[in-house]
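The structure appears right after this line, and notes come after that.
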Amino acid sequence: MDFSFTDEQQMLQDTTRRFVASRYSFDVRHAIAATAEGWSRDVWAQMADLGLLAINIREEDGGLDAGPVGTMLVAGALGEALSLEPFLASAVVATHVIGNLGSATQRAEWLPALGSGDLLAVLVTDEGDALHAAFEAREERGGWWLEGSLQGVYHAGVAGLLLVVARTGDGTGVFAVTPETPGVHVSSRGSVDGQRMADVVLDGVHIDVSARVGGEALGPVRDALDAGLAALCSDALGAMERILAATIAYTRSRVQFGTPIGSFQALQHRMAEMLIHMEQARSMSYLATAQCTNPDLPERREALCAAKALMGQAARYIGQQAVQLHGGMGMTDELDVSHAFKRLLAFELRYGTTDERLASYREHVVVA
Amino acid sequence: MDFSFTDEQQMLQDTTRRFVASRYSFDVRHAIAATAEGWSRDVWAQMADLGLLAINIREEDGGLDAGPVGTMLVAGALGEALSLEPFLASAVVATHVIGNLGSATQRAEWLPALGSGDLLAVLVTDEGDALHAAFEAREERGGWWLEGSLQGVYHAGVAGLLLVVARTGDGTGVFAVTPETPGVHVSSRGSVDGQRMADVVLDGVHIDVSARVGGEALGPVRDALDAGLAALCSDALGAMERILAATIAYTRSRVQFGTPIGSFQALQHRMAEMLIHMEQARSMSYLATAQCTNPDLPERREALCAAKALMGQAARYIGQQAVQLHGGMGMTDELDVSHAFKRLLAFELRYGTTDERLASYREHVVVA
Amino acid sequence: MDLDFSPDELAFRDEVRQFLATSLPAEIRDRMRRADESHVREDILAWQRLLHARGWGAPAWPADFGGTGWSKTQQYIFENECSLADAPMQLAFGVKMVAPVLMRYGSAEQQARFLPGIIEGKDWWCQGYSEPGSGSDLASLKMKAERDGDEYVLNGQKVWNTLGQFADWIFCLVRTDPTVKPQKGISFILVDMKSPGITVRPTRLLDGTFEVNEIWFDNVRVPAENLIGEENLGWTYAKFLLGHERTNIAGIGASKRGLQRLREVAARLARNGRNRLHDPVFATRVAQVEMELRALEITNLRVIFAEARNHAPGPEASMLKIRGTEILQRISELHVDLLGASALGLDADGDDEALQATRAYLNLRKLSIFGGSNEIQRNIIAHMILGL
Amino acid sequence: MDLDFSPDELAFRDEVRQFLATSLPAEIRDRMRRADESHVREDILAWQRLLHARGWGAPAWPADFGGTGWSKTQQYIFENECSLADAPMQLAFGVKMVAPVLMRYGSAEQQARFLPGIIEGKDWWCQGYSEPGSGSDLASLKMKAERDGDEYVLNGQKVWNTLGQFADWIFCLVRTDPTVKPQKGISFILVDMKSPGITVRPTRLLDGTFEVNEIWFDNVRVPAENLIGEENLGWTYAKFLLGHERTNIAGIGASKRGLQRLREVAARLARNGRNRLHDPVFATRVAQVEMELRALEITNLRVIFAEARNHAPGPEASMLKIRGTEILQRISELHVDLLGASALGLDADGDDEALQATRAYLNLRKLSIFGGSNEIQRNIIAHMILGL
């Protein structure tokens with residue numbers, strides 16, 4: 001049992017924190033959110049320069065291979081900054097799939113570009129359920145026909161490479177599709193947390209046989225989604241840290257009836273409860289990170305469901321209380337509190353909702 | 001819509017309140033609880049003198065016929081006093097069954113004795129489920145054979161008349177059995193709320209054919225249990241009033257860190273929440289009273305389940321917080337708070353637990 | 001004791017229902033149903049005119065002033081039926097807030113000048129109470145009004161002004177005497193929103209809508225005849241007003257409508273699979289809210305009954321505010337949880353139930369903050385009811 | 001970062017399990033399982049002797065004093081395994097409370113005189129802290145100790161004394177200087193319970209058991225050599241002690257055992273029908289507790305890890321106390337709710353699981369009150385961690 005981080009991991013965290021502290025202020029983020037694309041290619045390039053986009057690429061593929069713990073620390077710092085960049089979608093999930101499933105040729109073609117930030121890839125599948133394939137792939141005339149549609153795929157609207165998960169008849173495959181391919185329709189819209197997501201429709205899309213990424217993909221897709229879930233948990237923990245710190249600072253400075261409202265005991269106890277929720281959430285974020293690569297799948301699933309469900313509950317409690325304790329200011333778009341609140345709401349709903357994860361957990365541990 | 005009480009109802013409430021205020025102090029109750037029987041025949045006689053045992057007897061049978069509202073007000077005052085007497089079992093439920101089901105002869109034989117306190121009768125059935133018959137009745141040789149057993153029947157150990165609900169083959173019957181009848185085994189024990197309850201075993205009990213009370217009994221039994229449930233809700237409301245008043249008084253007088261603990265905002269907000277729970281419980285107690293005679297059975301059942309479930313939740317919250325706010329004193333046997341807390345726990349578990357009632361309500365209103 | 005409405009009350013309810021079914025314009029009802037606020041001023045004023053034409057423009061006003069003379073129970077029935085029928089809420093700032101103050105403390109001239117515009121749906125009123133730093137602690141407000149001949153000159157800032165961007169008039173609390181203790185130096189004044197020197201800046205809220213404003217007053221000149229009652233007695237009028245703000249504070253009708261819609265959405269989603277209401281865990285959460293709402297409706301009627309006898313809304317209204325807003329917020333959570341990942345979208349076009357659910361969830365956070373935060377309400381209960 | 005126990009720690013856990021399986025007497029284990037406290041003094045002291053014989057009499061003491069030299073993680077593993085095996089809890093007042101004070105602040109003579117009796121399971125210690133009116137506000141205590149030659153003369157009353165009816169010794173906080181501010185005039189003294197002038201009155205608790213006492217001191221003469229450290233510095237020692245009281249404060253092992261037993265009871269009840277754990281609503285409540293417990297175990301290990309590095313238990317222990325006691329209380333609610341109406345009985349004979357469940361539910365109300373109420377713990381978090 002050891003809760004320390006290695007020097008390398010610590011450095012990765014420090015790097016990310018320094019970067020967002022100097023380059024990703026609330027005002028910068030606000031300006032980025034208001035752009036049409038809703039994220040910053042410039043920031044993305046800087047993240048690449050710092051190596052952050054290569055932490056999920058293995059060393060033999062030219063990456064930093066920082067593993068789940070390194071990813072946790074980077075994602076946590078980005079979550080605290082309420083970052084809008086597609087780190088989780090491209091640098092964690094898509095990078096994972098290509099690294100674990102791709103042929104040597106595919107890895108060599110895509111991984112360096114992913115690490116350098118030149119390529120942005122997104123896995124197109126139901127992030128809440130690895131077993132649910134929204135697309136069908138049919139092999140025909142030396143290629144593949146893809147059909148299907150999926151709503152709300154984070155950052156799919158700006159991806160240079162869509163990694164479509166489809167049922168193949170005898171299993172599950174991942175197919176690399178560029179958005180320019182005829183029959184591909186990607187329409188972006190905003191998510192509640194200010195990030196962009198897209199509805200993806202593949203209407204008789206034909207691709208070359210070589211566009212299939214590796215072979216049977218269910219395992220690698222599930223592994224990538226679990227890595228994504230662990231990173232998302234860490235992102236949410238960062239948002240919790242941000243919002244709790246903001247709430248404490250606000251209640252210390254806001255004066256009513258002649259005293260700071262932070263001196264009112266009922267509010268103090270509420271914040272103490274927020275802290276406990278957050279520390280319990282931190283423990284679960286660690287658990288998700290430790291378990292997301294566990295080869296014992298039922299054990300992994302049980303742990304990840306518990307982590308997501310408990311953190312989802314913590315997100316709701318902490319988010320709602322933070323807004324409440326900010327009073328009217330919490331209702332506005334002007335402070336970070338409402339944006340962190342919305343990021344926490346998105347966390348609750350993504351990668352299997354709190355309700356869904358709690359039901360799965362219940363079936364694993366209670367009825368078993 | 002009218003939330004006022006008639007003069008007669010108001011008088012009944014005042015009478016009961018004056019009676020318990022002058023004759024049923026906490027010390028008197030404590031002494032009664034310590035006796036072998038656990039209730040006071042003397043108090044019972046005084047209640048009879050005041051007419052309280054006749055309020056569920058119709059006027060044509062010589063009673064006061066105060067109806068559900070009168071019963072609610074009397075039961076509420078007795079609940080506030082944490083009364084140990086078998087008012088609910090004998091003067092509400094058993095009296096109801098005889099009044100509604102009994103032949104003229106049976107009513108004439110038993111009702112005056114019930115009203116005068118000379119006879120104490122208890123309905124022996126599962127108070128949480130009118131449809132569950134714990135006993136079997138077989139007609140044979142000009143009489144009835146009764147078999148079966150039931151645990152935890154309140155006050156059955158001191159009843160002069162057991163009204164046993166049994167399945168008859170073609171329906172449900174109520175059978176009047178005296179405890180002296182061969183084969184009747186009644187063993188008393190204490191309930192968590194300080195009242196006595198008994199396990200009743202009928203082992204080949206033979207009774208005369210005339211001992212059957214009226215005919216098909218399912219309807220009257222259900223009606224009587226619903227009247228009992230409404231009275232029990234009112235009893236619980238009385239206990240809530242007692243425990244909240246005690247908590248407010250305690251926190252006003254108990255000084256810590258130089259100020260009464262009732263001045264701490266976190267505790268004030270807790271007590272405000274207790275009050276809201278109690279007022280919501282009061283509304284549901286009214287609802288139970290208004291609905292317990294509704295001829296529309298699904299509507300009645302829905303209302304009674306909602307009332308019992310919500311009041312059960314209120315009982316738990318108010319009871320637990322009252323003990324907590326009393327600190328160590330709440331843990332002792334010496335103040336009324338722990339006794340009211342235990343009465344509220346018994347309320348949660350009796351007449352269908354909170355869980356059971358909430359599940360029934362859910363099936364009525366949500367899935368329907 | 002009788003928990004049911006009387007035959008007369010039931011007949012009244014049917015009359016209201018009938019009126020709503022025939023007189024509420026379909027396009028207004030549909031916009032309300034979709035929470036489409038693109039025509040909010042027109043819709044609310046049009047509905048006010050229709051109500052006025054029916055003689056129901058001001059349910060709570062005395063008949064002398066053109067009110068209905070309805071009992072409190074009738075007013076309750078009316079408001080609930082309006083919610084259930086997706087009618088717009090009447091604009092409280094005029095009908096329910098400034099009007100009672102005018103009727104009680106205004107001069108005959110002021111009454112004649114302002115009340116018709118309110119009941120006839122001509123004037124849009126808004127409220128100038130809160131200031132930066134003076135929210136729950138309202139008496140600490142700072143906006144100055146200095147007498148200059150026949151006028152007052154106003155300087156300062158109001159915040160959390162609801163829907164003032166559409167307003168013709170604003171009633172303001174202003175400080176006319178800074179030398180006495182805070183409650184003693186406040187006056188109550190009516191200001192034409194077209195007056196030079198007023199700047200309104202709508203505040204973008206977390207759900208992307210614009211519902212509240214900051215308003216700056218820069219040497220705004222207001223005729224002294226617009227002062228209500230006496231100078232420096234405004235705190236009395238303000239407290240009187242806050243008492244009247246509390247009718248329908250429990251929002252029973254809105255909660256009932258929310259639960260109806262939850263059922264509708266659940267049934268519609270069920271075309272792709274099972275109805276979420278058949279999941280016992282989710283259904284239990286719904287049942288819990290239904291049950292609490294049923295209790296709260298009775299509690300609300302009890303408070304109305306007591307008020308009708310005592311002629312003064314008491315601190316019991318704080319209970320209704322707390323539980324009522326908690327229930328509305330929990331229903332909005334149920335909507336989001338029912339929709340799951342679909343609730344993530346926030347900038348689809350307005351005709352999408354996921355968008356509405358998410359917006360409502362975000363927007364209704366305000367319920368426990370505005371109108372006296374639920375913490376303040378708990379303080380009131382502790383002090384005024386429990387005597388702590 | 002590694003959340004799993006190391007191979008060495010796992011081997012240690014197996015060693016503890018093996019010891020418990022072979023050395024915990026069956027009759028003691030069965031009494032603990034039934035919450036039968038009829039032999040509580042004999043059982044706890046017998047088990048202490050068995051632990052001592054194995055060299056494990058004082059897990060947290062330094063090896064110099066006969067302790068195990070175990071790491072904090074090993075101590076955690078040991079306590080959890082003991083809970084899971086239904087072993088008695090070691091009596092904290094001796095091993096975990098007065099002993100660390102003796103080792104840190106006692107004289108060599110005091111250490112030699114008192115520590116062996118504690119670790120060898122000979123002496124039963126109890127605590128004299130709280131007084132009427134001085135519970136959470138401990139520093140306001142009033143019990144007097146006046147110097148008279150080589151003795152102190154004690155007069156006053158202690159309350160909420162746990163299990164003192166069985167005690168050989170009591171450590172007391174007493175006021176030796178009433179003229180200075182409260183914290184400055186307190187001393188820490190050890191008193192033989194056989195001293196003339198001591199009266200112990202057990203208090204009947206709400207569950208019918210006798211677990212706490214009132215103790216009166218009427219001119220009780222105590223040798224001055226029984227004073228710990230310096231006169232009037234007792235508050236320092238008391239705070240040091242309270243810090244040490246907090247090991248195993250989260251009660252992870254007890255909660256795990258409680259959930260195991262809930263499953264066992266559910267399975268046994270299921271012979272008459274379906275297992276209540278197949279009811280999704282009840283099962284969700286169980287899952288909720290399991291999940292929070294899993295998180296709390298990691299949180300507990302994080303606190304232990306941090307403490308091992310910083311050498312001082314911090315205010316984080318307050319979080320463990322709050323959540324740990326909430327979880328234990330909720331498990332006791334689940335037991336009662338599982339049993340339903342069967343849980344009504346309270347004076348059946350001791351071998352009845354309904355009786356145990358009800359007693360436990362009632363008795364465990366104390367967890368959020370004693371040992372620093374959960375309200376006090378929230379104050380500590382607000383002040384010491386959040387800086388409010």
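Since this is a predicted model, take the numbers as computed values, not measurements. What's counted below: heavy atoms across the whole structure, side chains too, no hydrogens, waters or symmetry copies.
With chain A as partner, the option from D/I298, D/I304, D/T284, D/I322 having the largest number of non-hydrogen pairs under 4.5 angstrom is D/I298. When the candidates A/A245, A/A290, A/A307, A/S4 are compared by the number of heavy-atom contacts under 4.5 Å with chain D, A/S4 comes out ahead. Of all the listed residues (A/E273, A/Q265, A/Q291, A/Q9), the one sharing the greatest number of non-hydrogen pairs under 4.5 Å with chain D is A/E273. When each of A/L244, A/I248, A/L310 is scored by its heavy-atom pairs under 4.5 Å with chain D, the top score falls to A/L310. The residue among D/L296, D/D4, D/T73 with the most heavy atom pairs within less than 4.5 Å of chain A is D/L296.
Residue D/T299 holds its OG1 atom at 10.0 Å from OH of A/Y286, rounded to the nearest 0.5 Å. Note: A/H277 NE2 to D/R323 CZ = 5.0 Å, rounded to the nearest 0.5 Å. Between the CG atom in A/D2 and the CG atom in D/L301 there is a gap of 12.0 Å [rounded to 0.5 Å].
Counting only N and O atoms by type, the side chains of D/N379 and A/Q268 include no donor and acceptor under 3.5 Å apart.
Looking only at distances, a side-chain donor or acceptor of D/R302 sits under 3.5 Å from a matching main-chain atom of A/E279.
With a 4.5 angstrom heavy-atom cutoff, A/A281 does not touch chain D via any of its atoms. For A/S263, no part sits under 4.5 Å from any heavy atom of chain D, backbone or side chain. Interface remark: D/E292 contributes backbone and side-chain atoms alike to the contact with chain A (heavy atom separation under 4.5 Å). For chain A, the nearby part of D/E9 is the side chain; its heavy atoms alone come within less than 4.5 Å. The part of D/I385 that comes within reach of chain A is its side chain, from C-beta onward, which places non-hydrogen atoms under 4.5 angstrom from that chain. Only the side chain of A/T251 comes within contact range of chain D, with heavy atoms under 4.5 Å apart. In this structure, chain D has heavy atoms under 4.5 Å from both the backbone and the side chain of A/A309.
Counting only heavy atoms from C-beta outward, the side chains of A/M284 and D/M291 approach each other to under 4.5 Å.
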Run the side chain to side chain contact (heavy atoms under 4.5 Å, CB included) check on A/I276 and D/I381 step by step: do they pass?
-> CA-CA 9 Å; A/I276 298 175; D/I381 291 173; 4.1 Å; yes
Are A/E302 and D/R294 close enough, and set up right, to give a side chain to side chain contact (heavy atoms under 4.5 Å, CB included), and what steps lead you there?
-> CA-CA 11 Å; A/E302 180 190 316; D/R294 180 149 195 187; 3.3 Å; yes
Verify side chain to side chain contact (heavy atoms under 4.5 Å, CB included) between D/L3 and A/F3, making sure each step is shown before the conclusion.
-> CA-CA 7 Å; D/L3 271 57; A/F3 291 92; 4.0 Å; yes
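Within a 6.0 Å sphere centred on CE of A/M1, other residues, nucleotides and ligands contribute more than 12 heavy atoms.
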